[in-house]
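Order of the sequence lines fixes the chain letters, A, B, ..., with proteins taken first and strands second; residue numbering starts at 1 for each chain. Note that this is a predicted model, so its numbers are computed, not measured.
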Amino acid sequence: MVKEEQELANRPDNTAFTQQRLPAWQPMLSAGIVIPGFVIIGLAFIGIGVALFVTSHSIQVLELDYTGVENTEPCYRCSDPSSKNCVCTLEFSIDSLFEGPVFFYYGLTNYFQNYRKYGASRDDNQLSGDLDYFKSPGNDCAPYQYNSNNKPIVPCGAIANSMFNDTFKLYQIIRGSKKLVPFDGKGIAWWTDYNIKYRNPSVTPLKNAFNDTVKPLFWSKPAYELDPTDPANNGFINQDFLVWMRRAALPDFRKLYRRITEGDYAKGLPAGNYSLEIAYNYPVMSFDGRKKVVLSNVSWMGGKNEFLGIAYLVIGSLCVVMSIVMLIVYAKFKFPEED
Amino acid sequence: MERRKYNWINVETERRDIRRSAHIGVGISGQEGIQAVLASDYSFAQFRFLQRLLLVHGRWSYLRMCRFLCYFFYKNFAFTMVHFWFGFFCGFSAQTVYDQYFITLYNIVYTSLPVLAMGIFDQDVPDLRSLEYPKLYEPGQLNLLFNKREFFICITQGIYTSVVLFFVPCAILSDATQSNGVPLADYQTFAVTTATALVIVVSVQVSSAQSTLLQPVVWLTIALATAICIVPVLAFRFLKVDLKPQLSDTVRYTQLVHQKKRKPVGRSMGDAWNGVGSVSESRLGARGGSRRSGYAFAHQEGFGELITSGKNMRLSSLALATFASRHSSSWIDTLRRKKHTHAHTPPSASGECSPAPSYVSGSVAPLSNSSSVLGGSQDTPIEEETGTAPAQNMQTVLTSSTQTPPALAPTSEASAPQASGQALNAGILTPTAVRLDGGDSPGGWTITLETVQEALFGWKARATASSSPGPPSVAKETSQNE
């Protein structure tokens, strides 16, 4: 009948979706699920925590602060802002074999690489080798964009300008004479930085690309002289430069400087006396920062990380304790099995 | 004015100004036209759908809205407060912790779908239970699910999550290195770790992988942060259910228990009944709710065909005329009189359905559940005919709407077999709404089928145990009124 069809035409859809008949499921937090679940989580976390803690304990770390705050410290005379090209020497000894491969870091404290304006002060176009931006650096680099003679600064920006320029040489003292410990500086930066993000301008010789530009104010030599012996480590793809340009997240950070993997020291640093020669160039006293050198070896979980192991142990035991508490509560206030 | 203390709902069929006197207007589309429908907030075709609108959809809507709001505030607080804590470590330079694209896409891509799904589909109890336990409607009236206290709890949870999400990666990654010695404490690693942990904690999605995500330390950090955030919430919820269960928890648990116990029983009984019975059972089964194990016994197929074919709309004009001339007030008088005559049939006022086991010995409350829903509701009682002749008449002339059998309360189950012997009719009568001309009545009103039958034919209601004169006298009275 017509009337029927009219009625049927106005009828709303009778699908599961529109009539809200979709199957619904709600996890019932019943005791049979939650309490064993908590026990399992707790035991798993305790297991992981134990593994992490033990691994972390087996990692050796040696930290040496060489800022030179006190006048008893070897680098005190270098910390004077007026001193130039100062070299100081740190003596230390190792009790037992420092297992390799050994990693050599430099660390800074109270240094805010995560400051917003600092982090924005760079020109990625320049750093990818675009010559147009050599002539006119981006505005984000201000005030490290042009120098007082209005010449463009390459590489521009505060991050590049503040590049860490202390250098280190490590010697082992064997029967009074110094033996240089060889450093390996390859591959210390991120692979993507080295191969993709940072590119030298395709001009040979590289020096010609930097005509009519000036180096950053703080630098002692321009970018194309960062490593004249190795073109694969020169210019913007210099490993130390790349390591510095990768901003740290927190005010106390470490950055990889070199690895000790070669020659007699492939197995690690044997016990004995060592001397570290530092070319002290980087001033940190003005903002109350500290500089240090860190020697460390690594494991499957990375460097020494006590917090991780302890945190897992704590959470694991908390889970187990909570499951016991819940078991007691459940036994006392059991949901009545009603009919 | 005292009237303003409550939320008012106005149900109309023909007025255009529904909302003027109430907060919500409901229009019933019908033979008076669709003016009310056009002017209303909600509209449907039959008055009895109002029950479902309130108890099922209204309730779910309130629940979903509250959960959605709480969750929305929580996830945004967790997201934003991380920047607050990071400020202490970045010289308060407003440096963002996450990458730019993550910030832009956070609310749109990463956390929109779970929230939408929850806001649209969430059900805490199935619709059958919502109808069965009207008391579940109370939290909506008392504003229990989203008030200042709940909001404060959401915020606190968000702040706690943000603390965990920031400080755990901060502490772990500050000195961490990859297994090739390269430090992990750079900005990008930190951002990725925190963002990933945030998204996992807030939903179950994972951001795109980068090289840092291959490091076990990063995953351990994420797992730890997730565990610290979620484990206390789980524990708290479990303890709350045990120590301070709410009604919805009780309902769900009861349903679970019933389901486990009654599964084998209900199924076997359901098979024994004929077609009409099993339809309802399969529908119930699809929802996974607890099944009632009693069904009406029917000799015949029932009046389902008649209903769906639309023939019930064509009552004899005489019947319509006589019936339509009655005012609603006299209808209520009739009801009141029935109340007194039927001693132990508990009549319920129109509209409200009381929780399940309230019907005794299979007797009928004549105007019970006047707005009950076809097929989906619970305890509409079985009515069985004792008189033969009127029943036959009714069958041929009047169309009684029968449908999928209601679930009987366990107590009335016992009496069903007894009375079934006397049943002649397709004894499954559920009071259904029949649309009739409103005539001079002020608005739409539903009349249950029984009253129509009583008015027109004055058949005796069943009530095996009741020996009161009831129905015949009632019929006389109503016929006098006409």
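- The two residues A:Tyr312 and B:Leu224 have their closest heavy-atom pair at OH-N, 3.5 Å.
- Heavy-atom distances place no part of A:Tyr118 under 4.5 Å from chain B, backbone and side chain included.
- Of the two parts of B:Phe86, only the side chain, counted from C-beta on, holds a non-hydrogen atom closer than 4.5 Å to a non-hydrogen atom of chain A.
- Chain B forms more heavy-atom pairs under 4.5 Å with one residue of A:Glu306, A:Met322, A:Arg254 than with any other, namely A:Arg254.
- Contact annotation for B:Ala191: neither backbone nor side-chain heavy atoms come within less than 4.5 Å of a heavy atom of chain A.
- With hydrogens and angles ignored, the 3.5 Å screen pairs a side-chain donor or acceptor of A:Asn114 with a backbone N or O of B:Phe89.
- A:Met326 touches chain B through backbone and side chain together, each having a heavy atom under 4.5 Å away.
- No side-chain donor-acceptor contact under 3.5 Å links B:Ser93 to the backbone of A:Tyr115.
- Taking a 6.0 Å sphere around CZ of A:Phe168, one finds it holds more than 12 heavy atoms contributed by other residues, nucleotides or ligands.
- Between A:Asn305 and B:Ile172, the closest heavy-atom pair is ND2-O, 2.9 Å.
- Neither the backbone nor the side chain of A:Leu318 comes within contact range of chain B; no heavy atoms are under 4.5 Å apart.
- Nearest heavy atom pair, residue B:Gln95 against residue A:Arg247, reads OE1-NH1, 3.6 Å.
- Across all their heavy atoms, A:Phe45 and B:Ala223 have their closest contact at CZ-O, 4.1 Å.
- Using a 4.5 Å cut-off between heavy atoms, A:Ile188 touches chain B through its backbone atoms (N, CA, C, O) alone.
- How far CZ of A:Phe112 is from CZ of B:Phe92: 9.0 Å, rounded to the nearest 0.5 Å.
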